[in-house]
Amino acid sequence: MRARGRRPLVAGNWKMHHDHFQAIAMVQRLVLRLGEQATRDAEVCVLPSFTSLRSLQVLLDGDESPVVLGAQTCAAQDEGAFTGEVSARMLAKLDVRYVLAGHSERRRLNGETDAVVAAKLAAILRNRMSPILCVGETEEERAAGRTLGRLEEQLTGALAETPSADVVRTVVAYEPIWAIGTGLAARGVDAQEAAETIRSQVRSLHGDEAGSSLRVLYGGSVTETNAAELMAGSDVDGVLVGGASLDADGFAAIADAAPRGR
Ligand code: PGA
């Protein structure tokens, strides 16, 4: 049985796709397509580029939309001489509710270490938003049987210093790196096993309440075809979707597949 209060979250990471005109059209269509059932059961979040956030805030504010806003990264500092950076404080002013921390593309392409991820996570929490902390193993780590150990290391690196009261607001996304953008999703049983490990690691770091109320997502080649299976495990509370979130109809179908009856 899923613990009460863990509302499923279906989040669409658009990465560097969709300018703000496309973003508006996409979200208008998404709102239209989302069945009442999906919006009642799952929280649906889109994570566009920074340049689209203000347009979408205005659009979503106006009509009590079922869609909430997320961002793909932020700076660790709230303000200062950091050319090109965007702070969590600025994102909070745009009604952003979720911010990714430690997505594997940023770890790999932007050199974000566990320490940097932990600092960004703290900035997101300090500004009263929820981080979506991404963790996951490489193909080599998986082949070496190091999947669960790697998850524990990344969780400890990012969450050991986080106050337990804040961990309750944190979302963790299990994103095996070999599954991202490859069309090779994990199996539902693997997503469940990883989610269970994540939850028990958080429990051992921060106690039962944090472990039970934390939401755990699966990400990596989620489609409307495999979404229901990937969310079937009792510890999997939703999905983080890349490519398949770019199309409104497909993303709405994924939201419709979110678990019911909580
Ligand atoms: P994908 O990306 O769904 O395109 O595999 C997932 C992600 O990077 O979060």
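Whatever order the structure lists them in is the order used to number ligands and atoms, beginning at 1.
- Taking a cut-off of under 4.0 Å to the non-hydrogen atoms of K15, the atoms of ligand 1 that pass are 2 (O), 7 (C), 8 (O).
- Numbered from 1 in the order shown, with element, the atoms of ligand 1 that lie under 4.0 Å from a heavy atom of N13 read 9 (O).
- A distance of 11.5 Å separates CG in L60 from CG in L94, rounded to the nearest 0.5 Å.
- Residue G220 approaches ligand 1 through these ligand atoms, each under 4.0 Å from one of its heavy atoms: 5 (O).
- On a distance-only criterion, T182 and ligand 1 share no N/O pair closer than 3.5 Å.
- Of the protein's non-hydrogen atoms, G243 N, 2.9 Å is the one closest to atom 4 (O) of ligand 1.
- Residue A185 places every heavy atom at 4.0 Å or more from ligand 1.
- Ligand 1 does not have G219 within reach: every non-hydrogen atom of the residue lies 4.0 Å or more from it.
- The shortest separation from a heavy atom of A244 to ligand 1 is not under 4.0 Å, leaving the residue out of contact.
- By the criterion of a heavy-atom distance under 4.0 Å, both the backbone and the side chain of I180 are placed next to ligand 1.
- Side chains of V236 and L230 form no contact here, defined as non-hydrogen atoms less than 4.5 Å apart.
- In this structure, E105 CD and K15 NZ are separated by 3.5 Å, a value rounded to the nearest 0.5 Å.
- A distance-only check finds a donor-acceptor pair linking the side chain of R6 to the backbone of S212 [under 3.5 Å].
- In terms of heavy atoms, F251 sits closest to A11 at CZ-C, 3.8 Å.
- For R126, the CZ atom counts as densely surrounded, since its 6.0 Å shell holds more than 12 non-hydrogen atoms of other residues, nucleotides or ligands.
- From the protein, the heavy atom lying nearest to atom 9 (O) of ligand 1 is E175 OE2, 2.7 Å.
- The one candidate from E141, E175, E140 that meets the salt bridge (charged side-chain N to carboxylate O under 4.0 Å, His left out) condition with R150 is E141.
- Scanning the protein heavy atoms around atom 6 (C) of ligand 1, the nearest turns out to be G242 N, 3.6 Å.
- Those atoms of ligand 1 that come under 4.0 Å of a heavy atom in A179, given as number and element, are 5 (O).
- Of all heavy-atom pairs between P259 and M231, the closest is CD-SD, 3.8 Å.
- Heavy-atom contacts of L240 reach the following atoms of ligand 1: 9 (O) (cutoff under 4.0 Å).
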Apply side chain to side chain contact (heavy atoms under 4.5 Å, CB included) to the pair L91 and N127, showing each step before the final yes or no. CA-CA 9 Å; L91 296 175; N127 287 282; over 6 Å; no
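- Those atoms of ligand 1 that come under 4.0 Å of a heavy atom in H103, given as number and element, are 7 (C), 8 (O), 9 (O).
- The proximity of S245 to ligand 1, defined as any non-hydrogen pair under 4.0 Å, does not occur for either the backbone or the side chain.
- In the displayed structure, E139 atom CD is contacted under 6.0 Å by more than 12 heavy atoms of other residues, nucleotides or ligands.
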